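Working notes, structure below.
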2 protein chains.
Amino acid sequence: MSGDVLGIAEAKPQRGGRGARRDRRAQAAAGTGRPYIQRNIPTYDILSEESLIRIEATADRILAEIGIELRDDAEAMELYRKAGASVDAVTKGVWRLRFEPGMLREILKTAPAEFTQHARNPANSVRIGGRNVVFAPSYGSPFVMDLDRGRRYGTIEDFQNFVKLSQSSPWLHHSGGTVCEPTDVPVNKRHLDMVYAHIRYSDRAFLGSITAAERAADSVEMCRILFGADFVDQNCVVMGNFNTTSPLVLDGVTTAGIRAYAAANQGSIHLPFLLGGAVAPLTTAGMVAQGLAESMASCALTQLVRPGAPTILASFFSSMSLRSGSPTFGTPEPAIGSLVMGQLARRMNLPLRCAGNFSTSKLPDGQAMQQSMMSMMSAIQGGANYVLHSAGFLDGLLSMSYEKLVMDTDMCGALHAYLDGMEVNDDTLAFDALAELGPGQHLFSTQHTLRHYETAYWDSALDDNQPWETWDEQGGLDYAQRANARWKKLLAEYEAPPIDAATDEALQDFIARRKASMPDMWY
Amino acid sequence: MSGDVLGIAEAKPQRGGRGARRDRRAQAAAGTGRPYIQRNIPTYDILSEESLIRIEATADRILAEIGIELRDDAEAMELYRKAGASVDAVTKGVWRLRFEPGMLREILKTAPAEFTQHARNPANSVRIGGRNVVFAPSYGSPFVMDLDRGRRYGTIEDFQNFVKLSQSSPWLHHSGGTVCEPTDVPVNKRHLDMVYAHIRYSDRAFLGSITAAERAADSVEMCRILFGADFVDQNCVVMGNFNTTSPLVLDGVTTAGIRAYAAANQGSIHLPFLLGGAVAPLTTAGMVAQGLAESMASCALTQLVRPGAPTILASFFSSMSLRSGSPTFGTPEPAIGSLVMGQLARRMNLPLRCAGNFSTSKLPDGQAMQQSMMSMMSAIQGGANYVLHSAGFLDGLLSMSYEKLVMDTDMCGALHAYLDGMEVNDDTLAFDALAELGPGQHLFSTQHTLRHYETAYWDSALDDNQPWETWDEQGGLDYAQRANARWKKLLAEYEAPPIDAATDEALQDFIARRKASMPDMWY
């Protein structure tokens, strides 16, 4: 899980000699091994209080006057009704819920502003909310890509590979969830293999299944085997990532899943996936207001099931190519929207999931990284606490890319250094460094330089900063080619974190029994 | 100067039919034709007042205790001395200048907080300072690159091409200066051909020569021919981009050039090019303090020559690969430094030049665009007013890239939309858009969507947002390949802006006389 194509160590503290020095430097420089980031720079607050209040008032008006349509979950309907929502039956099993202004905010006051999601390796438990930032790989792509084999449907082997590659990076903090769709496993059984892969090939926290209430329950049950039932009842060890059905619909499969996680005191993310012009207004202020309304309505259900259950406000904003109607990712308007969503989440004192390394590019090229950086900067500057899609996202989320994964994890490393901000003290102000030799003299040999030489700067494992001639002599590889070599090397060197044999056996037993209990389903 | 490889119009208002609708959409969407950006989002202020004061105090202490070494310009030395600097002779023609804390700040109070640099097309004059942002192409590369011919020394033909390509983009505002070194023209004459190329192939504002006082004078003289001598005496029509000789040295060639521009009431930029660990401390706080000290000392000279002359505080921060000692560009620490430099410039009420589309990549690939975006975001978020190196920068500034130029100008377009921020009013909050059809209904056909459809989003001319299958059928080109086709098309379609024939003849006469007056020099 260390080393790279250019001979740069990433994270393998046990090595000796030159490699070990490099490792110490890399770790000291940008905090290898930190289980999550604690931001040291303020958030980027771009909107005035007055405008924020107008957005909140619009969200409240949407909830009060248009309302949310709830489908096929009478139990959820009853919970909302008992909490004070007005409920109108639309057709059988379909209700329109309306909420008085301020009602959902009041309900959400029992939700924690910050919580810990425990990992099986306690050193990797993450704190979600407040000043904390957690990076997780991308989620939900049916296809996978690499430079050798191109685009193809994802398999469980790809899934395991992405979990391993994510685990290999010191710049991710969380193993994510559906890192790709393992389309070679039956639909009704793949959640078992996915959760197992996260448990077995990573020792970080992860997301469970949300595609059906019983799959959510299986995810929680596997965590009970791993952590013990009592621990799970009192602590968040798994989360579900739930989408609203925009505009303004909550689907019963989703709400049943949300109830399952909340009842087990586990975490959940409540994400409107808003494509402006299609399922949301084309204007960003309206898109944000709708996103806030939908996420609040979805989040609130957790508190009605079990007050205090961890819940994460979320938004996924994307724009549209006005020529083709295609969704666009990594564009400026959604980036601005994400910054504002950060302001709104802080005003509600709720953790936020927002943005990620988004791109519509079909290759790990300049477009991919330009769009990714614009989107990712909005996540970290806007104060997102849990950043799903931090690595691997290509092709408008239809494909998970092996090369992009290692490019993005490298970028995540740079963002650790960025979020550390600027330390200002007598040592960093470095008057003595300039005074030592005075005007016109290089600082290479000053005491200050020697003292800071190993730790001063973020050191990329993938960028080529060499002179053109050296780079050219070494083959003149582009970024994507270097990334291709890197993920292969990381996979070859990957070692699974140890796991207790009895626990592993119990997990495999559980999976075998569950699989045997139902016929394969492929839709 | 319009159209593109993907069939997207960029800026050609005279067209009719479908193209014209596209044009109106593109223009309305992100403000094609704006001569410069007026930012509509706040700056990103990451450092506390207390820390800013410590950096300022360190800069003052550097100036007072270590001082600045001035070489080979007795006239500048006398100006500083008369203004109150203490002057110690080091050797013949070399002096150490020391400044009491606050002295340079006091001198700089006569410098304008904002000023206009006039373009020969008055519609393209730019306002520098305050909330304004001006993008100019990259500056100073000896090499040029494209995908067909690779890396080679720049020529005057390359220079003209870069001026034409920059003029073709509605997302740049300024023609820049040494867009590449025209190495096929004698060193002592190339400034004449460079200034002429800016005047003839662009109708935007530009930078003049700074490599010798007489070349600075030639640049101003050519502007007198273009604008009239009286106009030039009263208005800024050209600027010089001057580097300090870091650490803490002002070279006589530079100061003579600064005096020439200031005496003519023309603008100047005062740039410490700080490579941490080499010519500045490795710690960012110290690098910023040094940059502030050097730029203040250099800027102040303009006010001693002619109070009120336009002057621009500047910084160029870069880090270092701690393994190889190679400079690194587009990395997180300099980005943080640039944000802080913005805060410091606003506290002095001076316009700022800072950051740009920096990268060390040798190709227009993912590394290039990731690094560029991180660096460029720091410029626009940090409040830089004049952003040199906005387009074309590759290879650690050693090469100007044809492909990167069109990639970067496209990114500059996206940044127009970003800096427009989020408009919040009843129309953009779009309650009616959601109310019209209600939950579960797509918004494609709502009145709100139809009203905003042509203008809602930034529309890239270079990104591919199509579905994978369409992109694949069209050849599966990557971003660099599309950029390659695009710059060729833009050059083929380029039309020079009209120029008065008599003025053109007078300029050519002047150049011919100046060239005839001196033998070629190649060093």
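Quantities reported herein were computed from a predicted structural model and do not represent experimental measurements. Each chain gets a letter, A, B and so on, in the order the sequences are listed, and its residues count up from 1.
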Q: Look at B:Met422, B:His452, B:His448 and state which one has the largest set of heavy-atom pairs under 4.5 Å with chain A.
A: B:Met422
Q. Do B:Lys362 and A:Asp472 meet the salt-bridge criterion of a basic N to acidic O distance under 4.0 Å?
A. no
Q | Pair A:Arg482 + A:Asp463, salt bridge at N-O below 4.0 Å | A | no
At a heavy-atom distance under 4.5 Å, which candidate from [options] has the highest pair count against chain B?
options: A:Asn40, A:Thr331, A:Val424; answer: A:Val424
options: A:Leu434, A:Thr446, A:Leu248; answer: A:Leu434
options: A:Thr360, A:Leu429, A:Asp365, A:Leu339; answer: A:Leu429
options: A:Met374, A:Glu50, A:Glu403, A:Gln371; answer: A:Met374
options: A:Leu437, A:Asp395, A:Val340; answer: A:Asp395
options: A:Gln441, A:Met373, A:His442; answer: A:Met373

Answer with side chain, backbone, both or neither: which region of [X] has an atom nearer than 4.5 Å to a non-hydrogen atom of chain A?
X: B:Val90; answer: neither
X: B:Ser372; answer: neither
X: B:Ala435; answer: both
X: B:Leu47; answer: side chain
X: B:Ser324; answer: neither
X: B:Arg451; answer: neither
X: B:Ser51; answer: both
X: B:Trp468; answer: both
X: B:Pro334; answer: neither
X: B:Ala280; answer: backbone
X: B:Ser246; answer: neither
X: B:Ala414; answer: both
X: B:Met376; answer: neither

Looking at [Y], is its backbone amide N or carbonyl O close enough to the side chain of [X] to form a donor-acceptor pair, meaning the two atoms are under 3.5 Å apart?
X: A:Gln290; Y: A:Met287; answer: no
X: B:Arg39; Y: B:Pro42; answer: yes
X: B:Asn465; Y: A:Thr328; answer: no
X: B:Thr449; Y: B:Ser445; answer: no
X: B:Thr428; Y: B:Glu423; answer: yes
X: B:Glu333; Y: A:Trp458; answer: yes

